[in-house]
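A, B, ... follow the sequence lines: proteins, then strands. Residue 1 opens every chain. Computed from a prediction, not measured in an experiment: that's the story for all the values here.
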Number of protein chains: 2
Amino acid sequence: MLSQSIEDYLKAIYEIESSEGKVSTSALSEKLGVSPASVTSMVKKLSERKLITHKRYQGVKLTPAGRKIALEIIRHHRLVELYLKEALGVPWDQVHQEAEKWEHVLSEDLEDRIDKFLGYPVTDPHGSPIPRRDGTMIVRQCNALVDVEPDTLVKVVEVSDHDPELLRYLGGIGLYPETEMTVVSKQPFKGPIIVELTGKEHPIGRNAAKYIMVEKARN
Amino acid sequence: MLSQSIEDYLKAIYEIESSEGKVSTSALSEKLGVSPASVTSMVKKLSERKLITHKRYQGVKLTPAGRKIALEIIRHHRLVELYLKEALGVPWDQVHQEAEKWEHVLSEDLEDRIDKFLGYPVTDPHGSPIPRRDGTMIVRQCNALVDVEPDTLVKVVEVSDHDPELLRYLGGIGLYPETEMTVVSKQPFKGPIIVELTGKEHPIGRNAAKYIMVEKARN
DNA sequence: AAAGAAATTTAGACAAGGCTAAAATAATTT
DNA sequence: AAATTATTTTAGCCTTGTCTAAATTTCTTT
Ligand SMILES: [Mn+2]
Ligand SMILES: [Mn+2]
Ligand SMILES: [Mn+2]
Ligand SMILES: [Mn+2]
C-alpha cells in the first residue's frame with residue numbers, strides 16, 4: 001500500500017504535467033502546500049521507487065507505473081465526487097473537499113460498486129473525465145473561456161473544482177458542464193467577460209474565466 | 001484534528017471498557033496489534049491530553065471527553081457499515097473492514113446526510129446500537145448464546161462483526177439480528193450448540209456462541 | 001560575461017507512531 | 001515469605017514526512 005502522501009504527490013505531478021507540461025519543484029511545493037525542501041526529499045523517494053524520473057534541477061516526469069497510480073487516484077476522486085452529489089445530494093462546491101479524503105480509502109470493490117451505481121459515468125460533476133479502470137482517460141479538446149472571442153456560442157466542458165466560491169457563483173447563474181451560452185463581450189482593461197445564458201447576462205472575471213473550459217457549440 | 005491512531009486507541013479503549021471492565025496495556029496491545037511498549041507511550045500522550053486517566057501499572061479509563069470522541073468514531077463506523085450495506089449492497093461480512101477506514105474520514109455534514117438517508121437508524125447490520133449525535137448510546141440488555149439453557153426461544157440481538165467467516169456462516173443459515181430461534185441442545189464435551197431456525201437445525205460452536213448475543217423472546 | 005536573483009538541493013532537526021531489549025513492578029507459586 | 005512468572009514501563013532506535021537555514025545550480029539582467 002502507498003501512503004496518502006505518495007498518492008497525493010503522484011496526483012499533483014499528473015495534474016501539473018497536464019496543465020503546465022513541466023513539473024518543477026516549486027510548482028509541486030505550491031500545489032501541495034509543503035516546502036520546496038520537502039518536495040525534493042519526496043521526489044528522491046519516488047524516483048527510487050521508479051514512479052517518477054528526476055533530472056536534478058530540471059523537474060520530474062511520471063513513469064508509466066507512476067501515471068497508472070495517479071490515474072487510479074484521480075478515478076477514485078472523480079467517482080466519489082459524482083457519487084456524493086448523486087447519491088447523497090452534496091452540493092457541487094463541496095464534493096471536492098470530501099473526495100480529497102475519500103480517494104485514499106476507497107477499495108477496489110467499492111470503486112466498482114459506485115461505478116455500477118452511477119451507470120459507468122464518464123465525467124464528474126465539474127465535467128472532468130473519469131479515468132477508466134485500465135488507467136486510460138479520454139481528454140476532451142477545449143479552450144479556456146478567457147481566450148474565446150466575443151459573439152461566440154460555446155458549450156461548457158469543464159470547470160475547475162478547486163474554488164468553492166466560484167462554483168457557488170457559477171451554480172447560481174446556472175453555468176454547469178454541458179450548458180450552452182454566448183460570450184457577449186470582453187470588457188476592456190482586463191474587465192469581466194459577459195456571457196448570456198437562460199436569457200440573462202452575467203459577468204465573469206478574467207481570472208475565473210481561466211478556469212472555465214469551453215468548446216465551440218455546433219451551429 | 002485527531003490522528004487516526006488516536007481515534008483507534010480511544011475506540012479500542014471504549015470497547016474493552018465495555019466488555020472487560022478493566023483496560024490493561026496488554027489488552028490494548030492485542031486488540032490494536034501493536035507492542036505493549038507502543039501502547040504505554042500512546043497512553044502517556046492520551047493522558048496528557050486528558051482523554052484518558054492512567055494509574056501506572058493499573059490500566060486506563062476514558063474521561064468524559066475521551067468517551068465522547070470514542071462514541072463519535074463508533075457512530076461513524078456503524079453508520080457507514082449500515083450505509084454500505086443498504087446503499088451499495090456490500091455484504092455484511094465485509095462492511096466492518098471498509099468502515100474501519102471510512103470512520104476516520106467522515107465529515108459531520110456527510111454523517112448527517114447518511115443518517116438521514118438511512119432514516120435515523122438505531123442499529124448497524126450486526127445489531128450493535130448506533131451512538132447518537134450527542135454522544136449517548138442505548139445499550140440493550142442481552143446474554144451470550146453460549147450461556148443460554150437448552151429449550152429456550154431467543155431473539156438474536158447482536159453478532160460480533162470481527163470475523164467475516166463467522167458472519168458468512170451465520171448469514172448462510174439465516175441468523176441475523178432480530179431473528180428468533182430455539183436453542184435445541186448443547187452437545188457435551190464443549191460440543192456445539194444446536195439451534196433451530198426456519199425449521200432447520202444448525203450447529204454453532206461454543207466459541208462462536210460467545211459472540212452471538214441474544215435475549216429471551218417474549219412467549 | 002559577470003553579477004544578481006530565483007529555484008533547487010543538502011544538511012540537520014523534529015514530531016508521530018511504531019519497534020526491541022532491558023528494567024521495574026505486580027501477581028502467582030512454591 | 002521467597003521465588004518465579006507475567007505485565008508494564010523505560011530507554012533507545014527507526015521510518016515517514018515535514019520544517020528551516022545554508023549551499024548549490026540555473027536563469028535573468030545588465
Ligand atoms: Mn488527497
Ligand atoms: Mn472534480
Ligand atoms: Mn479505524
Ligand atoms: Mn458492526
Side-chain angles (χ1 to χ4, degrees), chain A residues 1-17 19-62 66 69-70 73 100-101 103-105, chain B residues 1-17 19-62 66 69-70 73 100-101 103-105:
Chain A
M1 250 293 91
L2 297 165
S3 70
Q4 165 156 351
S5 228
I6 287 180
E7 292 182 348
D8 281 339
Y9 271 89
L10 292 174
K11 183 160 71 108
I13 292 167
Y14 181 92
E15 285 167 1
I16 296 170
E17 221 170 58
S19 65
E20 319 277 304
K22 204 195 134 194
V23 185
S24 66
T25 298
S26 49
L28 272 171
S29 160
E30 174 147 357
K31 178 146 200 157
L32 292 166
V34 299
S35 72
S38 301
V39 171
T40 300
S41 81
M42 180 60 94
V43 156
K44 199 180 293 180
K45 182 192 298 188
L46 295 175
S47 315
E48 276 161 13
R49 294 215 202 179
K50 313 273 189 208
L51 298 172
I52 61 177
T53 57
H54 179 222
K55 272 185 283 185
R56 287 181 81 233
Y57 292 97
Q58 307 287 3
V60 301
K61 259 195 177 54
L62 288 169
I69 293 164
I73 304 302
E100 273 305 301
K101 300 181 296 179
E103 64 191 6
H104 305 289
V105 300
Chain B
M1 250 291 91
L2 298 165
S3 69
Q4 164 159 351
S5 229
I6 288 180
E7 293 182 348
D8 280 339
Y9 271 89
L10 292 174
K11 185 160 70 106
I13 293 167
Y14 181 92
E15 285 167 1
I16 296 170
E17 220 169 60
S19 65
E20 318 278 303
K22 203 193 137 197
V23 185
S24 66
T25 299
S26 49
L28 273 171
S29 162
E30 173 147 359
K31 178 147 201 156
L32 292 166
V34 299
S35 71
S38 301
V39 171
T40 300
S41 83
M42 180 59 96
V43 156
K44 200 182 292 179
K45 185 193 296 188
L46 295 176
S47 316
E48 275 159 15
R49 294 215 200 178
K50 313 272 188 208
L51 298 172
I52 62 177
T53 56
H54 179 222
K55 273 185 281 185
R56 287 180 83 231
Y57 291 97
Q58 307 287 3
V60 302
K61 259 196 176 55
L62 289 169
I69 293 164
I73 304 302
E100 272 307 300
K101 300 181 296 180
E103 64 190 7
H104 306 290
V105 299

Q: Could you pull out the closest heavy-atom pair between Glu17(B) and Leu62(B), with the gap in Å?
A: OE2-N, 3.0 Å
Q: What is the distance, rounded to the nearest whole Å, between atom CD of Glu30(B) and atom P of dT7(D)?
A: 10 Å
Q: Assign each of Ser35(B) and Lys22(B) to its nearest nucleotide of DNA chain C by heavy atoms, then name whichever residue's nucleotide is nearer the 5' end.
A: Ser35(B)
Q: Nearest to the Tyr57(B) side chain among dT16(D), dT9(D), dG17(C), which nucleotide is it?
A: dT9(D)
Q: Just checking Lys22(A): does its NZ atom have more than 12 heavy atoms from other residues, nucleotides or ligands closer to it than 6.0 angstrom?
A: yes
Q: Counting heavy atoms from C-beta on, name the nucleotide in dC19(C), dT8(C), dT20(C) closest to the side chain of Val34(B).
A: dC19(C)
Q: Between atom CE in Met42(A) and atom C1' in dT8(C), what is the gap in whole Å?
A: 17 Å
Q: Is the phosphate of dT18(D), meaning OP1 or OP2, less than 4.0 Å from a side-chain N or O of Tyr9(A)?
A: yes
Q: Take atom CG of Asp8(B) and atom P of dG18(C), then tell me their distance rounded to the nearest Å.
A: 9 Å
Q: Starting at atom CG of Leu28(A), determine the distance to atom P of dT18(D), rounded to an integer number of angstrom.
A: 12 Å
Q: Minimum heavy-atom separation for Ser38(A) to Tyr9(A), with atom names?
A: O-OH, 3.8 Å
Q: Compare the minimum distances between each of dT10(C), dT8(D), dT25(D) and the side chain of Thr25(B), then state the nucleotide with the smallest one.
A: dT8(D)
Q: Should Ser24(A) be listed as having a side-chain N or O under 4.0 Å from OP1 or OP2 of dA7(C)?
A: no
Q: Starting at atom CD of Gln58(B), determine the distance to atom C1' of dA6(D), rounded to an integer number of angstrom.
A: 14 Å
Q: Given atom NE2 of His54(B) and atom C1' of dT10(D), what is their separation to the nearest angstrom?
A: 13 Å
Q: By nearest nucleotide on DNA chain D, pick out whichever of Ser38(A) and Arg56(A) is the more 5' one.
A: Ser38(A)
Q: For the residue pair Val23(A) and Ile13(A), what are the closest heavy atoms and their distance?
A: CG2-O, 3.8 Å
Q: For Ser3(B), report the nucleic acid contact type (base, sugar-phosphate, nothing); a contact means any heavy atom under 4.0 Å.
A: sugar-phosphate
Q: Whole Å only: how far is the CZ atom of Arg49(A) from the C1' atom of dT15(D)?
A: 11 Å
Q: Quick check: are there more than 12 heavy atoms from other residues, nucleotides or ligands sitting under 6.0 Å from NZ of Lys31(A)?
A: yes
Q: Find the distance Lys44(B):NZ to dA15(C):P and express it as a whole number of Å.
A: 15 Å
Q: Starting the side chain at C-beta, find the nucleotide from dT20(C), dG17(D), dG17(C) nearest to Ala37(B).
A: dT20(C)
